[in-house]
Amino acid sequence: AALPVDPDLTITRTVQPGSSMRSSDLAVVELRVRFGPAAAAGCREVTELVPSGLAPVGASARWYEPDEGDEPPDETVILPYAQDGQRVSFCVGPTERHRTFTLRYVARVVTAGTYSWEPAIAQDPSGQGPAAMTEASSVTIR
């Protein structure tokens, strides 16, 4: 509440299969980051705290090897650079070609229950200055 709101940055969260899931489900979480026309260049640190009933799993940053015949990655889909415990971290900044990005990770169910999902926050890596946050929500695991 003490951070000023960044007028040139918005962030929203979507979860598949939704806010209610079974113990056998994998959650695909996408954070949609949009930069306004006056957004300053440079990285915004995006921090997501995964609810206690879920654990982040899967790939983090990927390598692109054009000499190996790899297809170029979609520049608008960003994977986390770190997944430590319940914290998932991304770095994303506007470019001349792209102002909207999808930040994606996968989490598996670890414990049934109803859990609070704290807001994800996007801000300058220094932790100073304006920020954007998702809405807080909850998830129920059956």
Side-chain angles (χ1 to χ4, degrees), residues 3-142:
L3 290 173
V5 174
D6 188 333
D8 287 302
L9 180 62
T10 60
I11 181 171
T12 57
R13 179 193 301 125
T14 59
V15 180
Q16 294 298 324
S19 62
S20 178
M21 56 187 75
R22 298 180 309 258
S23 61
S24 60
D25 288 338
L26 281 177
V28 177
V29 182
E30 293 188 346
L31 301 169
R32 185 84 152 173
V33 177
R34 289 184 180 92
F35 293 94
C43 170
R44 299 312 182 286
E45 181 77 21
V46 178
T47 304
E48 168 82 308
L49 298 176
V50 182
S52 296
L54 298 171
V57 295
S60 54
R62 58 187 160 218
W63 294 100
Y64 165 55
E65 296 286 342
D67 296 337
E68 300 290 324
D70 290 353
E71 290 293 319
D74 182 343
E75 294 176 356
T76 63
V77 176
I78 310 296
L79 298 179
Y81 71 80
Q83 296 176 131
D84 302 310
Q86 298 305 111
R87 182 182 303 265
V88 179
S89 303
F90 301 87
C91 181
V92 63
T95 68
E96 288 183 22
R97 292 181 28 203
H98 301 292
R99 309 297 284 181
T100 301
F101 299 87
T102 299
L103 287 51
R104 182 180 298 145
Y105 69 95
V106 177
R108 67 176 172 81
V109 170
V110 291
T111 309
T114 299
Y115 301 93
S116 296
W117 206 320
E118 298 299 323
I121 185 168
Q123 67 185 101
D124 183 272
S126 70
Q128 305 295 313
M133 293 187 292
T134 64
E135 295 289 326
S137 60
S138 66
V139 61
T140 300
I141 301 167
R142 301 174 261 116

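Index from 1, following the sequence.
Formation of a donor-acceptor pair under 3.5 Å by the R99 side chain with backbone atoms of R97 is not found in this model.
Between T111 and I141, the closest side-chain pair of non-hydrogen atoms is not below 4.5 Å.
Minimum heavy-atom separation, Q83 to V57: OE1-O, 3.8 Å. The two residues P80 and Y105 make their nearest non-hydrogen contact at CG-CB, 4.2 Å. Between E45 and P125, the closest heavy-atom pair is CB-CA, 4.1 Å. Considering every non-hydrogen atom in both S19 and S138, the closest pair reads CB-O, 3.6 Å.
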Atom pairs and distances, donor-acceptor, side-chain atoms in residues 85-93, under 3.5 Å, two or more places apart:
from: Q86; atom 1: NE2; to: V50; atom 2: O; distance (Å): 2.9
from: Q86; atom 1: NE2; to: P51; atom 2: O; distance (Å): 3.0
from: Q86; atom 1: NE2; to: L54; atom 2: O; distance (Å): 3.0

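Applying the disulfide (SG to SG under 2.5 Å) test to pairs two or more places apart or on separate chains, none has a residue in residues 110-142. Applying the disulfide (SG to SG under 2.5 Å) test to pairs two or more places apart or on separate chains, none has a residue in residues 112-142. For the disulfide (SG to SG under 2.5 Å) condition, no pair includes a residue of residues 93-127, sequence neighbours left out. Pairs engaging residues 25-43 under the side chain to side chain donor-acceptor pair (under 3.5 Å) rule: R22-D25, E30-R104, R32-T102 [sequence neighbours left out].
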Full working for side chain to side chain contact (heavy atoms under 4.5 Å, CB included) between V33 and L9 | CA-CA 7 Å; V33 177; L9 180 62; 3.5 Å; yes
Evaluate side chain to side chain contact (heavy atoms under 4.5 Å, CB included) for M133 paired with L3, printing each intermediate quantity in order.
-> CA-CA 10 Å; M133 293 187 292; L3 290 173; 5.7 Å; no
Going through the distances and angles, do F101 and V46 end up as a side chain to side chain contact (heavy atoms under 4.5 Å, CB included)?
-> CA-CA 12 Å; F101 299 87; V46 178; over 6 Å; no
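Here S24 pairs with nothing under the side-chain hydrogen bond (donor to acceptor under 3.5 Å, both in side chains) rule; sequence neighbours left out.
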